[in-house]
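Read through the structure below, which is laid out as structure tokens, and then see the notes.
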Protein chains: 2
Amino acid sequence: MSNDEKIYQKILKAIVEHQLPPGARLPEDRLSEAFGVSRTGIRKVLQRLALEHFVVIARNKGAQVNHPSEDEALEVLDSRILIEPQLIASLQRHWNKEYSEYFRDLVEDEHQAEHDGDMATQIQATARFHYELAKIAGNGVLAAFVEQLCYRSSLVIAAYGTRSSVSCDCGDHAQLIELLDQNDTQKAQQWMADHLQTIKHSLVLESQEEQLIDFQRLFSE
Amino acid sequence: MSNDEKIYQKILKAIVEHQLPPGARLPEDRLSEAFGVSRTGIRKVLQRLALEHFVVIARNKGAQVNHPSEDEALEVLDSRILIEPQLIASLQRHWNKEYSEYFRDLVEDEHQAEHDGDMATQIQATARFHYELAKIAGNGVLAAFVEQLCYRSSLVIAAYGTRSSVSCDCGDHAQLIELLDQNDTQKAQQWMADHLQTIKHSLVLESQEEQLIDFQRLFSE
DNA sequence: ATCGGAATAATTGTATACGATTTTGAAAGG
DNA sequence: CCTTTCAAAATCGTATACAATTATTCCGAT
């Protein structure tokens, strides 16, 4: 893997795992000295992250971790709701015992991370379950998009999620594997749709109220 | 629009309109003098185009217009087949007379370009019909992905399309508007799926045979 | 004490320089 | 005449320099 790619992965990991919260500034100087490369390489990485909506770059003001709007948050989840259940059908055709065991291991990793209170690992494992699943459906273009949506979902949860957003759904993933093992495509599709809906509705969108409430509190005090 | 963005648009346009064919090399020096900026700005644009799969960059060998593999070509179309019909449902809810007229104008542009033999304009108009339609479904994240898939489709057609790939489907678009005007969501979805299938099957995938045939021809002559 | 406003510091935008790698082309040997 | 080899040209990767813009701090005025 190229050096740029390694830096990209590290920063993305930090964002997705909520180490770098939404709104955090990412000055090129600090990053370049932290990674031991010149600003040139850092800029390249930041621009990539910006295209993928993990950071936003304002002209002459630099990069900061994206704080997705409520619209964006919902659209990311809606996109997954539209795509991922659809992938189940072609996924089911490739399903076999090896996959079943592999994904049970992934679920086990999730449980372990949850038990250890290791939220970063848990977030990664949860996202990975979804996009690894997407990959075996056989369409690399869609799989790449789903992978991006999964990571963006992690960022959405960082912005709007509660503790339950990340942990509540973990036990569930094993249920999907059961359905796939039973070759019950219909139910598996429905499960996936419900699962993503659950995550979507676990988001707390404070809307504009947050700012209004601040004003009101200022006036009332 | 920033200067970078303008350069990006121009190069993308040239690729999508088949002015820069798949495989064409894009040396940074030539581009930088052509656009009157330093290589820095060009590199930024090329790297963006690479992330979006319009060009491929090989280390120390530079950028060239992507020549999509057959797998990639099919996956791009399959992705559209999975997504675009699904968008019809939410699209239909926003449909109104203004949209109807707007899209009839777009179709008229397609016809005009076809009549004038202006393939570049025709390609743009055809892609635009699809992604403008996707936009009014109300999900910006998905719409952006569909837009990218439409442009990638143009590149796929540059690589594997016949003349009929670009022109045969033009008259059709008006039919979809009819169905939307009649509020016949079911048929509109089916139409979209069939339409994209038609495009997919109009591709000629020479597969590995091309190379073999070349050898055979060399021997037989 | 608080609110401008100017000077200074910090940060980004773009160009250029130089080393590294690849490609090209020509000359020498078979 | 063809192949091989090596030098030169072209091209890319990365660092650095300097200009442009933005953020911060400090000072004076109200």
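Chain letters run A, B, ... following the sequence lines, proteins first, then strands; residues in each count from 1. Side chains included, hydrogens not; waters and symmetry mates left out as well; all remaining heavy atoms used. Not measured: the values here are computed from a predicted model.
Atom CZ of B:R43 and atom P of D:dA15 are 12 Å apart (whole Å). One atom, CZ of B:F35, and another, C1' of C:dA15, lie 18 Å apart when rounded to the nearest Å. In this structure, A:R39 places its CZ atom 11 Å from C1' of C:dA10, rounding to the nearest Å. Rounded to an integer number of Å, the gap from CD of A:Q64 to C1' of C:dT11 is 14 Å. Residue A:E28 contributes atom CD, which lies 15 Å from atom P of D:dT16 at whole-angstrom precision. When rounded to the nearest whole Å, the span between CG of B:D29 and C1' of D:dA9 equals 12 Å. In this entry the distance linking CZ of A:R25 with C1' of D:dT24 reads 12 Å, nearest Å. One atom, NZ of A:K44, and another, P of C:dG13, lie 17 Å apart when rounded to the nearest Å.
Using a 4.5 Å heavy-atom cutoff, the side chains of A:Y99 and A:N96 are in contact.
A cation-pi arrangement is found for B:R48 relative to B:Y8, the charged atom lying closer than 6.0 Å to the ring centre and inside a 45° cone about the ring normal.
Near-neighbour residues of DNA chain C inside residues 46-62 of chain B, defined by a heavy atom below 4.0 Å, number-ordered: B:N60, B:K61.
Expressed to the nearest 0.5 Å, how far CD of B:E72 lies from CG of B:L155 amounts to 7.5 Å.
Residue contacts for A:R30: at a heavy-atom cut-off of 4.0 Å it reaches the sugar-phosphate backbone alone, with no base atom in range.
Across the interface with DNA chain D, nearest-nucleotide mapping of B:P27 and A:G36 shows B:P27 to be the residue nearer the 5′ end.
Using modelled atom types, one finds a donor on one side chain and an acceptor on the other under 3.5 Å when comparing A:Q9 with A:E5.
Taking the six-membered ring for Trp, A:H130 and A:Y151 have ring centres at least 6.0 Å apart.
The pair A:R128-A:E110 does not count as a salt bridge, with every side-chain nitrogen at least 4.0 angstrom from each carboxylate oxygen.
Below 30°, between 30° and 60°, or above 60°: for A:H173 and A:F129 the angle between ring planes is below 30°, a parallel geometry.
Comparing D:dG13, D:dA15, C:dT16 against the side chain of A:T40 picks out D:dA15 as the nearest.
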